[in-house]
Amino acid sequence: MSIKTAPLSYGLGVEVLDVDLASPMSDAVFGEIRQAFLAHDGLLLLRNQAITREQHIAFSRRFGDLDTHDAVPLDRHPQYHELLMVANEPVVEGLSNGRYIGQQWHSDLAPSLRPAMGSLLRAVQVPSAGGDTMFTNMYAAYDGLSEGMKKLVADLHGVHVRGRKNVSAEWEANNRRINPPVAQPVVRVHPETGRKALYIGEAVQTFEAMTQEESRPIIDFLIRHATRPQFGYRHRWRNNDIVMWDNRCTMHLALGDYDQSQRRHLERTTVLGTPSGHICELAA
Ligand code: SIN
């Protein structure tokens, strides 16, 4: 192994210490980065990456096809549709304010038929304190369930409904029109590691073939369980950090814990995963 790495936390994650995404990277080094990402349960940190939008997109593309963020057209960059603008002020005239993106525990693109494999979030400008992101290890969450609970959730499908706090009426109307509820298995097998991971989030409103009243206590338990501090990592951003996470075995949450008069501007690419789930009705 030629890259230098250091663990990020007990729960998950690795920092790769000596790569520069502004310089050409061989397939061998890229392969090592990919291996480190999988081996550390799907969380990777690269610091000091002062790269262009084109370089961010090009590096992300080495992991697979990129989403063009058609589900959230008001939040993507108007020229670079592969970039989701996660910023507390409109970065481009006419764009919505992405301040509230990700402020609930979730896995990217779960309410879609091709949920994300990975996401690469690059910090352009971060506040002087806070604006942190939390991550949690969904392999550990699954492994930590009792055998009885593993049996109970084995065949369940969670109904994921895309939504966001404090959005404009235009955003919400658009969202309802283009993003129907999608049922996803609550336990998914990671296609590269073969390990089972819990697949749940705060966008899950009910389980398929169950009422919301029946589902709610189980959903609440699973989220509380999956977000136990020992499974997690809290990232304190610095400008030019890139964090990549594996949406097939992690969940994340933007804390929103910062002074809103300061600028927080990050940009995200989203690597598409394998097809999963089906469109469904939301039961009462
Ligand atoms: C996201 O969910 O992609 C955004 C996370 C963040 O802003 O910290």
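First listed ligand is number 1; within each ligand, the first listed atom is number 1.
When each atom of ligand 1 is checked for a heavy atom of H106 under 4.0 Å away, the hits are 2 (O). Less than 4.0 angstrom separates some heavy atom of G102 from each of these atoms of ligand 1: 2 (O). Residue A254 has at least one heavy-atom neighbour below 4.0 Å for each of these atoms of ligand 1: 5 (C), 6 (C), 7 (O), 8 (O).
If you check which protein heavy atom lies closest to atom 8 (O) of ligand 1, you get T133 OG1, 2.5 Å. The shortest contact between atom 3 (O) of ligand 1 and any protein heavy atom is with R268 NH1, 2.8 Å.
The distance criterion of under 3.5 Å between nitrogen or oxygen atoms is not met by D108 with respect to ligand 1.
H81 has its ring centre no less than 6.0 Å from the ring centre of H69. You'll find the ring centres of H40 and Y233 outside the 6.0 Å limit. Aromatic pair H56/Y80: centroids not less than 6.0 angstrom apart.
A salt bridge links R234 to D257: one of the charged nitrogens lies within less than 4.0 Å of a carboxylate oxygen. Salt bridge K196/D143: absent, no basic N to carboxylate O contact under 4.0 Å. Between E192 and R248 there is a salt bridge, since at least one side-chain N of the basic residue sits less than 4.0 Å from a carboxylate O of the acidic one.
Between V86 and ligand 1 there is a heavy-atom distance shorter than 4.0 Å.
A donor-acceptor pair under 3.5 Å links the side-chain atoms of Q49 to the main chain of L21, judged by distance alone.
By the criterion of a heavy-atom distance under 4.0 Å, the side chain of W245, and not its backbone, is placed next to ligand 1. Of all the heavy atoms of R264, the ones lying under 4.0 Å from any atom of ligand 1 belong exclusively to the side chain.
Considering Q103, H252, H235, H265 only, the shortest heavy-atom separation from atom 1 (C) of ligand 1 involves H252.
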